[in-house]
Amino acid sequence: MTTVSDLTSVRTAAFDEIPIIDFSGLLSLKPGANATAARAIRDACENVGFFYIRNHGIPETDIERTFDVGRRFFALPLENKLSIHKNLSPQHAGYTPLLAENTDLSNDGDLHESFDMVSPLAHYPAKKAAGEDVNLWPQSLPELKESLDRYFDQVLELGKRLFEMVALSLGLPEDFFRPHLTHPIAMLRINSYPPQPVRSDARQIGIGAHTDYECFTILAQQPGITALQVWNGREWIKAPPIPGTFVVNIADLLQRWSNDAFRSTRHRAINISGAARLSIPFFLGVNYYTEISSLPGCVSAECPDKYQPVIAGDYVLQRLNETYGMAPKAV
Ligand code: OGA
Ligand code: NI
């Protein structure tokens, strides 16, 4: 098994580019492909916290369909969207109007609207019945549920594959995370960023500097518009959309689980393209009741355990409550 000093000794302070990792072969289990990609993933997780994946196996037409239906959702009259306001949902499903989310508390709110779908399979403590869908869907656009349900399943499968690669990269058995992924908490979001002037208030940008909360995020970006920026420890570097790729980033829960071997990197988005921009992040955690205490191989004499154990779902919901300015409530 890999030891901790191996995992943590190579972190560099800054990086200049975001690596691109090719997933072809991994999905068909080509011999040797796993080991090469696992090394590349470990390097990216430790040193950058971000990577692109190409040849990820999700057809472009399905991604385009999800962008199209997202565009139609945001074009609905405001009152339709407000009728499924996120405040109606203890799980944070539904619609978030402009400025209602605040990822950077030194800012004035984020300049985007969004729609969130939470995993219909996740076990939330206060969910009334097994299989109950806690999502808030707009009645006037039934295609939104159809498209998002389909895309959710596809990107969840990809996320489970990523967890396998992460396990291999840490020297753990490939199926290490499987018991924690039977009913994982996960959120599929569509963000819509209006264009903002090049000279505008720096405290009001598309999405303020933040780290994500779950284990990792798989982001589809609208082609042709660069808005996402990643903090490399010295400066912001651009993460433009690259055709045929997703951007993947490590989030706080996985950083904590890895006892800080992996890096949950700050990022933000500013849309000065002159046109509206959509992005579709998928935030993947693990089962609500998974206890997050440092992973095997991530604790040693040189690298003692830094964190108290937490329940995965409690941790993520508390972070979401803070972001939306809501008092914690029973879920
Ligand atoms: C997010 C996020 C970046 C983007 O939704 O957490 O960081 O490019 N989005 O939209
Ligand atoms: Ni983010």
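Just follow the structure's listing: the first ligand is 1, and inside any ligand the first atom is 1.
Interface of Ile207 with ligand 1, defined as ligand atoms under 4.0 Å from a residue heavy atom, comprises 1 (C), 2 (C), 5 (O), 6 (O). Annotation for ligand 1: atoms under 4.0 Å from non-hydrogen atoms of His267 are 7 (O). Within ligand 1, counting atoms from 1 as listed, the ones closer than 4.0 Å to a heavy atom of Leu219 are 8 (O). The distance from ligand 1 to the heavy atoms of Phe283 drops below 4.0 Å at these ligand atoms: 1 (C), 5 (O), 6 (O). Less than 4.0 angstrom separates some heavy atom of His210 from each of these atoms of ligand 1: 1 (C), 2 (C), 6 (O), 7 (O). Listed by atom number, the atoms of ligand 1 under 4.0 Å from Tyr193 heavy atoms are 3 (C), 4 (C), 9 (N), 10 (O). Numbered from 1 in the order shown, with element, the atoms of ligand 1 that lie under 4.0 Å from a heavy atom of Leu228 read 3 (C), 8 (O).
Residue-level proximity to ligand 1 for Arg268 is absent, since no heavy atom of it falls below 4.0 angstrom. Contacts of Gln222 with ligand 1, taken as heavy-atom pairs under 4.0 Å, are absent altogether. Under 4.0 Å from ligand 1, the heavy atoms of Asp212 that appear belong solely to its side chain.
Distances from ligand 1 to the non-hydrogen atoms of Pro281 include at least one value under 4.0 Å. Heavy-atom separations between Arg277 and ligand 1 include at least one value shorter than 4.0 Å.
Under the 30°/60° scheme for interplanar angles, the aromatic rings of Phe152 and Phe282 are found to stand perpendicular. Between Phe74 and Tyr95, the ring planes are tilted. Angles from 30° to 60° get that label.
When all heavy atoms of Trp257 and Ser293 are compared, the closest pair comes out as CD1-O, 3.2 Å. Nearest heavy-atom pair, Leu278 versus Gln222, reported as atom, atom and distance to 0.1 Å: N-OE1, 2.8 Å.
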Q: Determine, stepwise, if the pair Thr265 / Asn249 fulfils side-chain hydrogen bond (donor to acceptor under 3.5 Å, both in side chains).
A: CA-CA 7 Å; Thr265 298; Asn249 64 280; over 6 Å; no
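Protein atoms that are N, O or S and lie under 2.8 Å from the Ni ion (ligand 2) are these: His210 NE2, Asp212 OD1, His267 NE2.
Formation of a donor-acceptor pair under 3.5 Å by the Asn271 side chain with backbone atoms of Ala275 is found in this model. A side-chain donor-acceptor contact under 3.5 Å links Asp133 to the backbone of Asn135. Listed for the His112 side chain is a donor-acceptor partner under 3.5 Å among the backbone atoms of Gly206.
Contact check for Tyr288 versus His183: no side-chain heavy atoms found under the 4.5 Å cut-off.
Checked options Arg266, Arg263, Arg319; the residue passing with Asp252 is Arg319 (criterion: salt bridge (charged side-chain N to carboxylate O under 4.0 Å, His left out)).
Under the 3.5 Å distance criterion, with hydrogens and angles disregarded, a donor-acceptor pair is assigned to the side chains of Asp260 and Tyr307.
At least one N/O-N/O distance between Asn191 and ligand 1 falls below 3.5 Å.
Residues forming a salt bridge (Lys or Arg N to Asp or Glu O under 4.0 Å) with Glu164 (at least two apart in sequence, or on another chain): Arg161, Arg178.
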